[in-house]
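Remarks on the structure that follows.
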Amino acid sequence: MEEQNYQSIVEKIWPKLKKKHLYPQIPVPRIREATPPKQDGMEENEGVGLEMKEKQMTINGAFISRMKDKMPGHQVIEALLDHGITHYTFCPWDFQTHLMLYAEAKKVTGDKELAKQVANYFIDVIADTHCVKKRFTEIPELHRNLTKGTVEEVIAFLYQKIWGVDLGISPSKMSVKGHGDVVRRLARIPYLDRSRWGESIKKFARSLKPLLVVEQKEQGPRGGKGDRHPQGEHDLNHYSNEEIDQGLRDYAKQTMALSEFKDVVEDFSDELKGTGYGMEGGMGRGRGNPIDADILFYMKLAENYSIPLKKLPLDEKGSLHPHSHSPWEIGSPYQDVDIWTSFGKIMPGITQIWTKKEGKGRGKSEGSPDCLIAIDSSGSMINPRKSLSYAVLGAACATNAYLQNNSKVAVYNFSDAPMGGKDILDYTDQREDIYRVLCKYFGGGTALDLEDLMPLIRVKKSLDFFIITDMKITNLETLIGFFEQIQNRVTAVHIGDNPYAARFQKAVEKKKNISIYTVKRKEDIPYIVLGRIRDYFNPTHIKNY
Amino acid sequence: MKATPQRKKPIFYLSKESGTIKNPFEEFKYFTVPTHDLPLDQIVQSTEAVMDRIRWGYEKLLEEEAKELVWMVQYNTIIKAYEVAEKYVKEVDYAAEDIEDFCFALENTQKIPYLIPGPAGVYISALCNYAKEEEIVLKLSELKTEINLLGFRLPKGKRLMIDGDTGDFTGIGLEGGELAVEGNAKNWTGAGMRGGKILVKKNIGLHTGEWMMGGEIYVGGRVRGLGNIVEGKVYERDKLVYPGKTKYPNLYY
């Protein structure tokens, strides 16, 4: 009954709240019914007032009831919603920011749980302070009436200091406990300056860490759940799958550091698994296997680069025609979007693309063939699982380009192939399988075994060949001889300049079907054009041989 | 390469009443969101102003010291640099927290041209020695650079606690103050100190207490080597190692 009453309050104040926060695209919040107490007498999420899942905010009815002796229900609801909305409109804003804040906090705390707690408190302080500064809100009143632990008391004293409102915390009490010094440090942080959040959270973590360590010791491990924040936990439930994809992609691009990305992904592995990341299925989603952070790093980083693939006339069985719809994902091509069923919007979850099916006609039409990727993982190459490997990133970008054109990819990962240092993956469209083989590192000598390549080449009538290496190949002459024989389109990418690469360039300079690119920096990768046949006019930024 | 997004043209429509073209967003032209002035704004602003002053002093010190191009750690060079640092520090009204912020600003901010561990240490020491607070805590454990010369000439009545490791010449010329390092200290710690106490929680390097004239050094871990000590006491894990049987400097125990 009470819940229905609260729901009607929410519906009544929601238009006003939307206007106050400049009309955010958030659905009407719901009221959660009080769950029956468990056997141990503890109700699930007893002390949490607000939960956020994707963009749906849910207010705990029991929390409002508990607070009603202290402040009116509509004020509690308004304060909780002001807080919740500000998470979407200001801090953390997106998943990448959340990851960045967590990663910076972890650098100071060195502990996953402490870092999560620090990030939670920091995000809350920013959201509440932004709200108090920019909106008329009941948040201070809510803080005045909340039951507080040691850390919450310190935070409330901080609010008292930086907002200039009385929240009922006596300064003398803080000084006695020695928390005055902590608050003095916390009060100097420019919370509302977004550009400085990275350094600010470090300062915040340095000051709050001793208190959190003491609290952690007193309360013991919490099973990875952290504290029960009355204003809600900040976990991955806040974000939709698309936001998580985008966040990981942006974070990989921003950090460009495998170890940092790996740390964060491993720390969030449980939550990521909960959202479907398990490295089986498309875009790295699916359940079952543990998350391979290295593969995810290259996958997300490669999504930031798109390299063009030149089509060629294929022996065609029939032309493609639109057959059925499938959901559009970030990174998918736009040209297949069905604007009519997508309501004219480009938005994951709404936009649909046409899945094309081959007809029964005969003749030739333009298409992209399958691709055989040969990647060098010898000792002279960077171990992709230790630091960022441009070879793997380049091969990953090529993989994406072929897969997005409905072609299949085979991988030949070689080091000292005649001695067994190789891994071969047959033609497949399973992105994760391809990435797994690309990320394999042997670290030995460098020799190709053509006997391994021939079966992969013979089975295909039309095939593109992509090789990425530093060209320090022991049997380079054999490779050159092989390239002189084949007529397939070859994209050869060499990492850095060396005499071997120069020798290769000179040897194949007359072959029009071979395009050679140098990658010295990650910025060179987008200039690779797959399956390019050299012609008379060439763009100036591409080096021709 | 991303193309520069084109600026959208304003949308205009024909007003039925007047028959003239009207911008539909016209009424938002003067729309402002009311904001409240918070004490935070004031605190942040004044903190920034103080930091600018501290930074300016450091840059001046570098300018004056750069005349010699190479900064040599010689006692007269240090004294000269300290005198310059004192001159600028005395002009600034700052709190102990500003010193810690400055230490991190040395590494993180683009505004400071470079961190030279020597002059930076002299400048930070001057800031500590002239701070209003008697006890100063510097949480420097995440600093990538170990700053030299921290605690230089720390006077009597002052207590400086450093959470993290320190570089060479920590606490040299200590003048009665108490310097606590919650980490390791490198070589020449406590050199030329006249009085006071240095407490190093972990290990300490070579030449510890070189030409030390008085005071005590307590080391929680290992002392790698002692210097030529004139007078004073050195303890290693509560055991007195000087004065003691060790006569030769820089011997491993």
Side-chain angles (χ1 to χ4, degrees), chain A residues 19-22 89 104-110 125-126 128-137 140 158-165 178 180-193 195-196 198-203 205-210 304-306 523 525-527 541, chain B residues 1-3 25 27-28 31-52 54 93-112 131-144 159 161-164 182-183:
Chain A
K19 187 180 177 188
K20 181 162 76 170
H21 290 273
L22 308 174
T89 57
E104 294 299 320
K106 174 107 189 277
K107 283 178 193 165
V108 178
T109 61
V125 171
I126 292 175
D128 286 350
T129 306
H130 175 79
C131 235
V132 169
K133 186 169 171 66
K134 300 264 168 111
R135 321 264 180 252
F136 291 101
T137 178
L158 167 71
Y159 288 147
Q160 215 165 263
K161 201 169 165 102
I162 63 176
W163 297 348
V165 285
D181 178 49
V182 177
V183 173
R184 211 169 47 243
R185 283 165 181 268
L186 291 176
R188 297 161 53 88
I189 297 171
Y191 293 101
L192 301 181
D193 187 348
S195 64
R196 293 171 66 185
E199 66 174 280
S200 293
I201 195 170
K202 279 187 178 168
K203 205 165 156 187
R206 267 198 304 276
S207 307
L208 210 59
K209 186 182 165 185
N304 288 297
Y305 301 93
S306 84
E523 288 80 13
I525 290 171
Y527 291 124
H541 62 264
Chain B
M1 209 167 71
K2 273 184 183 176
F25 302 108
E27 57 185 296
F28 292 97
F31 176 79
T32 49
V33 181
T35 56
H36 313 283
D37 286 333
L38 300 182
L40 174 70
D41 305 325
Q42 181 63 40
I43 298 170
V44 170
Q45 210 177 356
S46 61
T47 306
E48 285 296 311
V50 171
M51 190 50 60
D52 284 344
I54 293 177
D93 185 17
Y94 59 93
E97 289 83 21
D98 291 308
I99 307 173
E100 188 180 297
D101 285 353
F102 173 70
C103 294
F104 282 95
L106 279 171
E107 273 197 344
N108 299 330
T109 317
Q110 301 296 319
K111 289 177 190 170
I112 293 179
K132 288 187 276 297
E133 294 87 348
E134 283 181 2
E135 186 172 299
I136 298 156
V137 182
L138 301 180
K139 296 184 180 189
L140 306 180
S141 52
E142 292 101 51
L143 269 189
K144 291 175 200 113
R159 186 161 196 269
M161 281 179 67
I162 295 165
D163 185 5
E182 292 284 310

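Any value given below was found using the heavy atoms of this structure, including those in side chains, with hydrogens, waters and symmetry copies removed. Chain letters run A, B, ... following the sequence lines, proteins first and then strands; every chain starts at 1. Everything numeric here is computed off the predicted structure, so don't read it as measured data.
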Salt bridge (Lys or Arg N to Asp or Glu O under 4.0 Å) with B/Glu142: which of A/Lys203, A/Arg206, A/Lys106, A/Lys107? A/Arg206

Heavy-atom count check: over 12 atoms from other residues, nucleotides or ligands less than 6.0 Å from B/Glu135 CD? yes

Note, A/Pro210 side chain near B/Lys139 side chain (heavy atom, < 4.5 Å): yes

So, for A/Lys161 and B/Ile43, which heavy atoms are closest and what is the spacing to 0.1 Å? O-CD1, 4.4 Å

Nearest 0.5 Å, what's the CD-OG distance between B/Glu97 and A/Ser207? 9.0 Å

Return yes when atom NZ of B/Lys132 has more than 12 non-hydrogen atoms of other residues, nucleotides or ligands closer than 6.0 Å, and no otherwise. yes

Expected output: side-chain A/Lys133 to main-chain B/His36 donor-acceptor under 3.5 Å: yes

Largest heavy-atom contact set with chain A, pairs under 4.5 Å, which of B/Val137, B/Asp98, B/Asp163: B/Asp98

Would you name the heavy atoms of A/Arg188 and B/Val44 that are closest together and state the gap between them? O-CG2, 4.3 Å

Closest non-hydrogen atom pair between B/Pro39 and A/Ile162, with its separation: CD-O, 3.2 Å

Using 4.0 Å as the upper bound for N to carboxylate O, is an ion pair formed by B/Glu48 and A/Arg196? yes

Rounded to the nearest 0.5 Å, the CG atom of B/Leu38 sits from the NE2 atom of A/His130 at a distance of 11.5 Å

Where does B/Gln45 contact chain A at under 4.5 Å (heavy atoms): side chain, backbone, both or neither? neither

Heavy-atom distances under 4.5 Å only: say whether A/Val165 touches chain B with side chain, backbone, both or neither. neither

Counting only heavy atoms closer than 4.5 Å, note whether A/Ile189 contacts chain B via side chain, backbone, both or neither. backbone

